[in-house]
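The basis for the numbers below is simple: all heavy atoms, side chains too, and nothing from hydrogens, waters or symmetry mates.
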2 protein chains.
Amino acid sequence: MSRYERTCLIRGDGGRAIRRILDRIGNKWTLLVVATLDDQRMRFTELQQRIPGVSQRMLSLTLRNLERDGLVSRTAYAEVPPRVEYALTDVGRTLIEPAVRLAEWAVEHDPDIERSQRAFDERNK
Amino acid sequence: MSRYERTCLIRGDGGRAIRRILDRIGNKWTLLVVATLDDQRMRFTELQQRIPGVSQRMLSLTLRNLERDGLVSRTAYAEVPPRVEYALTDVGRTLIEPAVRLAEWAVEHDPDIERSQRAFDERNK
DNA sequence: CAGCATCCCTTGAGATACTG
DNA sequence: CAGTATCTCAAGGGATGCTG
């Protein structure tokens, strides 16, 4: 793939492709939920325990959006007390790979970036 | 790399790694600017023309943050009228690869996702 | 247990006007 | 040309309380 073709994938259609995905995963909790469910299917409360800092409200909203997008499946069992299990779908699992690439980039270049920020702030203070 | 190790890259440190990168690139214009600069170094106005919809203010803010992070270099020439050129740094270029992966994922799975959304909305209307 | 409803505050981002 | 300064609005997200 040429350089032009690569960036066209991002810039194509006025950037709508990249916008759609960032609108989905760019928020605070989505990728954390997906990564947590990669281990195993899980109940609501367990998910909340494994994701430090997430509120009931935000976990609920995040899961509903993921279900709507077809990345997570929701299974409610007719029991008392209620039991609901969430799991990644096949499509949801395919998101892990590019997300991990991004995380690798973040971990690898974070020192450079922090150094650059300090230098910049020093120059412009 | 095991499944556990992969997702730990995302979830590690309470999700701070993924948060840092999403705070950087998750906004509306950053990846578009980076992708546009992948072609060639470019002046402010040219950049604005090539990125449909970006305002002067947002382009300015986006470029300053990218410069602060060390992903974009800014070169001002002492001329009248002023000329300023922006270009990707070496670190900035390394971001293209994972970003393209993400865009590929978006393009590939967008039909699935839109179908899932319509079905979800139909069920819950 | 697994949530929804409400309130509130902060941030992202657009529009407009001005400047070295 | 290449920005900055203000203003404004909408969305994201936290805290709290309630419920089938």
For Y77(B), which contact category applies under a 4.0 Å heavy-atom criterion: base, sugar-phosphate, or nothing?
nothing

Looking at every heavy atom in both R11(B) and R50(A), which two are closest together, and how far apart are they?
NH2-O, 3.4 Å

More than 12 heavy atoms of other residues, nucleotides or ligands under 6.0 Å from OH of Y4(A): yes or no?
no

Distance test, side-chain N/O of R19(B) to OP1/OP2 of dG13(D), below 4.0 Å
no

What integer distance in Å separates E67(B):CD from dA2(D):C1'?
13 Å

Take the protein atom CG of D23(A) and the nucleotide atom P of dG13(D), then report the distance between them rounded to whole Å.
11 Å

N/O donor-acceptor pair under 3.5 Å between T30(A) side chain and R24(A) backbone:
yes

Degree of bending in the helix from dC1(C)-dG20(D) to dG20(C)-dC1(D) once both end axes are built from five pairs, to 10°:
50°

Tell me: CG of L32(A) to P of dG13(D), nearest whole Å?
11 Å

Quick check for you: name the first and last nucleotides of DNA chain C, 5' to 3', having an atom under 4.0 Å from a heavy atom of chain B.
dA13(C) to dG20(C)

If you measure from the Lys or Arg side-chain nitrogens to the Asp or Glu carboxylate oxygens, is any gap between D112(A) and R115(A) under 4.0 Å?
yes

Whole-Å distance, R64(A) CZ to dG12(D) P, equals 13 Å

Determine, for R118(B) against D121(B), whether the closest basic-nitrogen to carboxylate-oxygen distance falls under 4.0 angstrom.
no

Of L61(B) and T45(A), whose nearest nucleotide on DNA chain C comes first from the 5' end?
T45(A)

Do you know which of R43(B), R41(B), Q40(B) makes side chain to side chain donor-acceptor pair (under 3.5 Å) with E85(B)?
R41(B)

Interatomic distance, M58(B) CE vs dT6(D) P [rounded to whole Å]
18 Å

With sugar-phosphate meaning primed atoms plus P, OP1 and OP2, does R57(A) contact a base, only sugar-phosphate, or nothing at under 4.0 Å between heavy atoms?
base

Would you mind telling me which residue lines up with the more 5' stretch of DNA chain D, N27(A) or Q56(B), judged by nearest nucleotide?
Q56(B)

Rounded to whole Å, please give me the gap between NZ in K28(B) and P in dA10(D).
14 Å

Taking atom P of dG12(D) as reference, at what distance in whole Å does atom CZ of R24(A) sit?
14 Å

Without swapping roles, check the side chain of S60(B) against the backbone of Q56(B) for a donor-acceptor pair under 3.5 Å.
no

E79(B) CD - dA2(D) P separation (whole Å):
10 Å

Check the pair L88(B), I96(B) against side-chain contact (heavy atoms from CB on, under 4.5 Å), reporting the backbone distance first and the verdict last.
CA-CA 10 Å; L88(B) 286 189; I96(B) 298 278; 4.2 Å; yes

Which atoms form the tightest heavy-atom contact between G15(A) and L32(B), and what is the distance?
CA-CD2, 3.7 Å

